[in-house]
Amino acid sequence: GPRDMIVIGTKLKEKLGLGSILPRPTSTPVPAAECEIDLRHEEDESLVRRSQKGEGAAFDILVERYKERLYATVYHMTSNHEDANDLVQETFIKAYKSLQSFRGQSSFYTWVYRIAVNRTINFVKRRKNRNQYSLDDLDSSIQSDPDLVEMQSHSTPRREVGLNELQQKLNEALQKLSESHRAVVTLHDIQGMTHADIAKVVGCSEGTVRSRLFYARQQLQGLLSEYL
């Protein structure tokens, strides 16, 4: 939520040292006149070039531009707000430190998503032994699902209990998918990414993305059969 975004922004500035703590990718001073330009309207490619030259404000704009979408993706893969916060911070720190190796062969958008998804998949694999899930919240995209909206329009106390239970079961079902299947479902069905972009993010063919989506949906339907 917005509060989490504020936390991410504050902690990132501390960890990234956008003020002065971390060294810039280069030590070239930025002319004062350039700092007066409103960077918010610049394309990612331009912001990346500025960041590579040591302009911290440009990277700050990239963080603001993508942190909410990355947070939503990571949260749906972890089902834990604190873990999602940490992983998004780690993603941007990794991206910042790796900026000099970014050659623009893909968009910054897919590049940073790939970092986030890879880190999250590795995190979830490590977490499997703990098997701890936080189900305290549900993303607004699930709450706006047409079927849930239809159910809510005929709300009764008993149906309210049923809705809450369905929301929890859906969240639990997502966590039962393999990391790779959970990633494609989150990126496509929740974030709305195209098959082509997902293929770049997870490093596979579009055909593989489609087959993983099909299998994951079949799995979810099986896990949620009593509610469908």
Side-chain angles (χ1 to χ4, degrees), residues 1-16 62-96 108-149 163-194 197-198 200-202 209 212-213 216-217 219-220 223-224 227:
R3 185 177 301 172
D4 293 310
M5 293 303 101
I6 293 171
V7 171
I8 289 175
T10 303
K11 289 185 177 178
L12 267 173
K13 285 199 173 186
E14 293 173 359
K15 291 195 174 185
L16 290 174
L62 290 168
V63 171
E64 291 298 316
R65 190 169 288 177
Y66 292 112
K67 65 183 181 182
E68 291 189 25
R69 277 182 276 179
L70 283 181
Y71 180 87
T73 297
V74 175
Y75 172 69
H76 279 94
M77 292 179 66
T78 61
S79 196
N80 184 288
H81 288 295
E82 186 175 345
D83 292 337
N85 260 320
D86 290 343
L87 286 162
V88 171
Q89 289 176 44
E90 291 171 14
T91 294
F92 281 117
I93 290 170
K94 170 69 173 175
Y96 182 81
F108 177 81
Y109 167 75
T110 55
W111 183 68
V112 77
Y113 258 87
R114 187 164 193 167
I115 294 173
V117 169
N118 285 341
R119 293 188 82 87
T120 304
I121 286 175
N122 290 335
F123 171 82
V124 171
K125 285 179 178 177
R126 293 195 303 269
R127 190 186 67 175
K128 268 187 173 178
N129 292 333
R130 288 186 284 151
N131 196 32
Q132 295 174 347
Y133 304 127
S134 172
L135 301 170
D136 59 337
D137 245 329
L138 192 76
D139 186 80
S140 59
S141 63
I142 296 178
Q143 293 186 28
S144 63
D145 181 273
D147 292 334
L148 292 182
V149 171
L163 279 172
N164 291 334
E165 186 178 356
L166 173 58
Q167 291 170 350
Q168 178 170 320
K169 292 298 181 183
L170 178 55
N171 220 5
E172 288 177 337
L174 276 171
Q175 303 308 309
K176 290 179 181 176
L177 298 178
S178 71
E179 294 82 9
S180 59
H181 288 95
R182 195 184 316 164
V184 295
V185 167
T186 300
L187 292 172
H188 187 273
D189 293 344
I190 297 173
Q191 290 298 304
M193 289 181 72
T194 65
D197 281 343
I198 295 171
K200 293 174 186 175
V201 167
V202 302
V209 169
R212 286 180 183 175
L213 269 174
R217 288 166 178 165
Q219 290 290 99
L220 287 173
L223 290 166
L224 299 168
Y227 298 93

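Sequential numbering from 1 along the given sequence is applied to the chain's residues.
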Considering all heavy atoms of both residues, which atom of [X] and which atom of [Y] are nearest to each other, and what is their separation?
X	Y	result
Val117	Ala183	CG1-CB, 4.1 Å
Leu87	Arg119	CD2-O, 4.0 Å
Leu220	Leu174	CD2-N, 4.0 Å
Gln175	Arg182	O-NH2, 2.9 Å
Ile190	His76	CD1-CD2, 3.2 Å
Leu223	Ala173	CD1-O, 3.8 Å

Would you please name every residue forming a side chain to side chain contact (heavy atoms under 4.5 Å, CB included) with [X], sequence neighbours left out?
X	result
Gln219	Leu177, Tyr215
Asp189	Val185, Leu213, Arg217
Ser180	Ser178, Arg212

Could you check if a side-chain atom of [X] sits within less than 4.5 angstrom of a side-chain atom of [Y], using non-hydrogen atoms only?
X	Y	result
Leu187	Val209	no
Lys200	Tyr113	no
Val74	Thr91	no

According to side-chain hydrogen bond (donor to acceptor under 3.5 Å, both in side chains), who are the partners of [X], at least two apart in sequence or on a separate chain?
X	answer
Glu82	none
Asn122	none
Tyr66	Asp44

Measure up the Trp111 and Phe108 rings against each other and bin them: parallel (under 30°), tilted (30 to 60°), perpendicular (over 60°).
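If you compare the ring of Trp111 with that of Phe108, the planes turn out tilted.
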Out of curiosity, [X] [atom1] to [Y] [atom2], how far, rounded to the nearest 0.5 Å?
X	Y	atom1	atom2	answer
Lys94	Asn118	NZ	CG	10.0 Å
Ile93	Ile115	CD1	CD1	11.5 Å
Gln89	Leu70	CD	CG	12.5 Å
Tyr109	Leu62	OH	CG	14.0 Å
Glu172	Leu224	CD	CG	9.5 Å
Glu90	Phe123	CD	CZ	8.5 Å

Decide ring-ring contact (aromatic ring centres under 6.0 Å, His included) for Tyr96 and Phe92; before the verdict, give the C-alpha distance in whole Å, the side-chain angles of both, and the deciding distance to 0.1 Å.
CA-CA 6 Å; Tyr96 182 81; Phe92 281 117; over 10 Å; no
Derivation and outcome, side-chain contact (heavy atoms from CB on, under 4.5 Å), residues Glu179 and Thr120:
CA-CA 9 Å; Glu179 294 82 9; Thr120 304; over 6 Å; no
